[in-house]
Amino acid sequence: LWSGALRLPHEHQFADFIEGLGAGQLVGRQVLASPCHGEIQVGLRDQHGLLEVEIVRARNLLQKALYKMPPAPYVKVYLLDGKTCVEKQRTRTTRRTLDPLIQQTLIFKENYRDKVLQIGVWGDYGKLDRKVFMGVCQINVEDLRLSSTAAQVLDWYKLFSANSLMNNYTIVQQSPKRRTSTGTNDSISSYKTNFKF
């Protein structure tokens with residue numbers, strides 16, 4: 001007899017249901033109902049024990065309906081330890097396009113072992129709105145098996161809405177004793193609720 005109970009997969013198993021995810025990409029269960037917001041090409045490597053993240057380009061970003069012109073995209077990258085951001089960096093703003101060529105390398109000085117990398121794409125629409133969320137992806141760095149002797153891992157990662165994030169890895173606040181790459185010690189609001197950094 002069927003009991004009527006439906007067993008859902010564990011949170012980390014939802015990646016098995018989505019085609020075309022990048023190496024080590026994490027998704028939450030909400031991704032099953034979330035459209036893709038574009039893709040971002042990222043290269044990762046261990047550079048003498050430091051995490052080197054190359055943001056190469058993005059493609060097929062979605063134009064926001066409220067704006068006539070495309071945005072000038074930029075990327076924010078967070079190194080997460082559970083719900084805490086231990087280091088963050090951002091790229092420069094590119095020209096106005098939905099297929100930006102970024103080609104910028106970011107070096108993370110914090111230990112990246114057992115951490116998650118969260119990459120968010122944002123759009124600058126000028127005076128009206130300089131911080132428009134465009135999509136996010138998360139990468140389990142441990143799955144990539146980076147080492148100083150291994151080649152760079154280069155892959156395309158699908159971007160989704162904020163509610164597609166794994167519940168265990170939403171940003172709550174930055175660790176109080178850590179400093180960002182700009183030297184400030186600021187608090188970070190939850191990615192799911194506010195999106196203002």
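Given the structure is predicted, the values throughout are model-derived calculations rather than measurements.
Grouping Ile, Leu, Val, Met, Phe, Trp and Tyr residues whose side-chain heavy atoms lie under 4.5 Å apart, directly or via other members, places V56 in a hydrophobic cluster with L154. Counting Ile, Leu, Val, Met, Phe, Trp and Tyr side chains that sit under 4.5 Å apart, directly or through other members, I107 shares a hydrophobic cluster with L50.
For the residue pair V86 and E110, the shortest heavy atom distance occurs at O-CG, 3.7 Å. What you find for K76 and R90 is that their closest heavy atoms are CG-CB, 4.0 Å. The two residues C137 and Y157 come nearest to each other via the heavy atoms SG-CB, 3.8 Å.
With contacts defined as side-chain heavy-atom distances shorter than 4.5 Å, the pair I119/Y78 does not qualify. Counting heavy atoms from C-beta outward, V53 and V42 have side chains that approach closer than 4.5 Å. By the 4.5 Å heavy-atom criterion applied to side chains, L101 and T94 are not counted as neighbours. Here the side chains of P71 and L98 are in contact, with some heavy-atom distance below 4.5 Å. Residues C36 and L159 have side chains not in contact (no heavy-atom distance under 4.5 Å, counting atoms from C-beta outward). The closest side-chain heavy-atom distance from K131 to Y74 is below 4.5 Å. By the 4.5 Å heavy-atom criterion applied to side chains, V132 and W122 are not counted as neighbours. Side chains of P70 and Q63 form a contact here, defined as non-hydrogen atoms less than 4.5 Å apart.
With rounding to the nearest 0.5 angstrom, the CD atom of Q89 is 10.0 Å from the CD1 atom of I55. Here the NZ atom belonging to K115 is positioned 10.5 Å from the OG1 atom belonging to T84, to the nearest 0.5 angstrom. Interatomic distance, CD of Q118 versus NZ of K88, reported as 12.0 Å (0.5 Å rounding).
A donor-acceptor pair is defined here as one N or O able to donate and one able to accept, closer than 3.5 Å; such a pair exists between the side chain of T91 and the backbone of V75. Panel note: side chain Q25, backbone K158; a donor-acceptor pair is recorded below 3.5 Å. The main-chain N or O of A23 is found under 3.5 Å from a side-chain atom of D155 such that the two form a donor-acceptor pair. Checked by atom type and distance alone, the side chain of E87 pairs as donor or acceptor with a backbone atom of K109 at under 3.5 Å.
Contacts of S148 classified as side-chain hydrogen bond (donor to acceptor under 3.5 Å, both in side chains), with partners at least two apart in sequence or in another chain: none. Residues meeting the side-chain hydrogen bond (donor to acceptor under 3.5 Å, both in side chains) test with D124, sequence neighbours left out: R130. Taking the ring-ring contact (aromatic ring centres under 6.0 Å, His included) definition, one finds that Y125 meets it with Y67, sequence neighbours left out.
Every pair passing salt bridge (charged side-chain N to carboxylate O under 4.0 Å, His left out) that includes a residue from residues 50-62 is listed here, sequence neighbours excluded: E39-R59, R45-E52.
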Practice task
Begin with the C-alpha distance, continue with both residues' side-chain angles, and end with the deciding distance and a verdict on side chain to side chain contact (heavy atoms under 4.5 Å, CB included) for V136 and V121.
Solution key: CA-CA 6 Å; V136 66; V121 179; over 6 Å; no

Problem - Stepwise side chain to side chain contact (heavy atoms under 4.5 Å, CB included) check, L117 with L80 - result: CA-CA 6 Å; L117 201 64; L80 305 179; over 6 Å; no

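A side chain to side chain contact (heavy atoms under 4.5 Å, CB included) with I139 holds for exactly one of L21, L26, L44; it is L44.
T97 and D99 share no side-chain donor-acceptor pair at under 3.5 Å. Checked by atom type, the side-chain pair R96/T93 shows no donor-acceptor distance below 3.5 Å.
Checked for salt-bridge contact, R113 and D81 miss the test: no charged N lies under 4.0 Å from a carboxylate O.
At a threshold of 4.5 Å between side-chain heavy atoms, the hydrophobic network of Ile, Leu, Val, Met, Phe, Trp and Tyr places L106 and L51 in one connected group.
Classification of the H37-F133 ring pair by plane angle, with boundaries at 30° and 60°, yields tilted.
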